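Source: prediction; values computed, not measured.
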Amino acid sequence: MPELPEVETTRRGIAPHIKGQRVSEVIIRQPKLRWPVPLELVDDLPGKVVQSVERRAKYLLIGFEQGTLIIHLGMSGSLRIVQADQEEGKHDHVDLVLQNGIALRLTDPRRFGAVLWQPKGVEHELLSHLGPEPLSEAFDDQVLVTAAKGRKTAIKQLIMDNKVVVGVGNIYANEALFLSGIHPKRAAGRISEQRLCRLAENIRIVLSRAIQQGGTTLKDFVGGDGKPGYFKQELNVYGRTGECCVNCGSILKEIRLGQRSTVFCPDCQR
DNA sequence: CTAAGGACCTGTCGGC
DNA sequence: TGCCGACAGGTCCTTA
């Protein structure tokens, strides 16, 4: 589930519940995630106070005076606020129990997610080579132009490369390319500056609109009733293979690009 | 340096 | 109904 908009929605949802709270207990039921969950957290985290809840790319950063708890939701992860005594489900791997009686609970069936600890002072290796945030000023029009120069890579793979720009997942890569009228397979180096700028703009638009959508279901999400419904938004191409293009009516096609499903309009996207 | 593919996991769905 | 393969919103790591 988690693309950048959902991670941001999660961040906004959990922040008010955990910020300023002291950790009373850490429960690790399943340490085998993408990387082993550091078991020292069980002994070391209790007593510490959550100072900040931030996001970098799709990583959630829970800041303490002594360091940062890094959480990634992988492909199937979600974080929810629950009552600390709520019975755990099959894939509820980690609980951060807080002194106010609630717990931040990580659920992740596929276990591609991660929970890591980074002591204060040094940036974590995973975060140190990331490109600019797509919704920050650092993602200006030059970013794609520079990154695309001389590259033969398919443009879709370029915008999904975290070293170029972070947070553009499969769904929104497809959508942004559709809005820009660019064929996903087009060599990045063979796209005009003007079109690359349009693509950058559409990445911003698509992501911020999705965050707004996530925001509408924020309440339900935090209440523990379910997941954010942002993806109910109108997707133009993703998941619509074989259906009609909303622009021209042609049949949307699906191909594989770097093992990922890629949907586009063969007539609108060149 | 770039590019391509495998790896990590479980759950679900479509076809036979 | 049951089994099997393909596929799913991510991304690091190895290999060429």
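- Under the 4.5 Å side-chain criterion, counting only non-hydrogen atoms from C-beta, A:Leu104 is not in contact with A:Asp95.
- Remark: C1' of C:dC7 and CE of A:Met75 are 9 Å apart, rounded to the nearest angstrom.
- Put simply, CD1 on A:Ile255 is 17 Å from C1' on C:dC7, counting in whole angstrom units.
- In this structure a side-chain-to-backbone donor-acceptor pair under 3.5 Å is missing from A:Arg111 to A:Arg34.
- Where DNA chain B meets chain A (any atom under 4.0 Å from a heavy atom), the bounding nucleotides read 5' to 3' are B:dT2 to B:dG11.
- Here C:dT11 presents its C1' atom at 15 Å from CD of A:Glu125, a figure rounded to the nearest Å.
- Contact annotation for A:Lys163: no contact, since no heavy-atom pair falls under 4.0 Å across all strands.
- For A:Ser250, the side chain to side chain donor-acceptor pair (under 3.5 Å) partners at least two apart in sequence or on another chain are A:Asp267.
- The side chain to side chain donor-acceptor pair (under 3.5 Å) test applied to A:Arg56 returns A:Glu133, not counting sequence neighbours.
- Annotation: salt bridge (Lys or Arg N to Asp or Glu O under 4.0 Å) contacts involving residues 141-156 of chain A, sequence neighbours excluded, comprise A:Asp141-A:Arg204.
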When you compare the protein's N or O atoms with those of nucleotides 13-16 of chain C, which come within less than 3.5 Å of each other, and at what distance?
none

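- The shortest side-chain heavy-atom distance between A:Asp92 and A:Leu106 does not fall under the 4.5 Å cut-off.
- Listed by chain and residue number, nothing satisfies the salt bridge (charged side-chain N to carboxylate O under 4.0 Å, His left out) test with A:Asp44 (two or more places apart in sequence, or in another chain).
- Against DNA chain C, the stretch residues 257-266 of chain A makes heavy-atom approaches under 4.0 Å through A:Arg260, A:Ser261.
- Checking the phosphate oxygens (OP1, OP2) of C:dG9, no side-chain nitrogen or oxygen of A:Tyr172 falls inside 4.0 Å.
- OP1 or OP2 of C:dC12 sits under 4.0 Å from a side-chain N or O of A:Tyr59.
- Side chain of A:Gln30 to backbone of A:Lys32: a donor-acceptor contact under 3.5 angstrom is found.
- Rounded to whole Å, the P atom of C:dA6 lies 13 Å from the corresponding atom of B:dG6.
- Applying the salt bridge (charged side-chain N to carboxylate O under 4.0 Å, His left out) test to A:Glu254 and every residue at least two apart in sequence or in another chain returns nothing.
- In the hydrophobic clustering, A:Leu61 connects to A:Trp35, A:Tyr59, A:Ile70, A:Leu116, A:Leu126, A:Leu127, A:Leu130, A:Val166, either directly or through intervening members, whenever side-chain heavy atoms lie under 4.5 Å apart.
- Nearer the 5' end of DNA chain B, as judged by each residue's closest nucleotide, is the contact made by A:Arg151, out of A:Phe112 and A:Arg151.
- No side-chain heavy atom of A:Val168 sits less than 4.5 Å from a side-chain heavy atom of A:Leu4.
- Remark: C1' of C:dC7 and CZ of A:Arg256 are 7 Å apart, rounded to the nearest angstrom.
- With rounding to whole Å, A:Asn162 atom CG is found 6 Å from C:dC12 atom P.
- Residue A:Arg110 places none of its side-chain N or O atoms closer than 4.0 Å to OP1 or OP2 of C:dT11.
- Across the protein-nucleic acid pair, A:Leu4 atom CG and C:dT11 atom P stand 10 Å apart, rounded to whole Å.
- A side-chain donor-acceptor contact under 3.5 Å links A:Gln118 to the backbone of A:Val122.
- Annotation: side chain to side chain donor-acceptor pair (under 3.5 Å) contacts of A:Arg11 (sequence neighbours excluded): A:Glu8.
- Under a 3.5 Å cut-off, the side chain of A:Gln157 and the backbone N or O of A:Thr153 do not form any donor-acceptor pair.
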Bracket string, DNA chain C, 5' to 3' - pairs by Watson-Crick or G-U geometry under 3.5 Å, | interstrand: .|||||||.|||||||
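- Note: CE (A:Met160) to C1' (C:dC12) measures 14 Å, nearest angstrom.
- A:Lys152 comes within 4.0 angstrom of sugar-phosphate atoms only, judged by non-hydrogen atoms across all strands, and of no base.
- For A:Asp108, the side chain to side chain donor-acceptor pair (under 3.5 Å) partners are A:Ser76, not counting sequence neighbours.
- The gap from the P atom of C:dT14 to that of B:dC9 amounts to 16 Å, rounded to the nearest Å.
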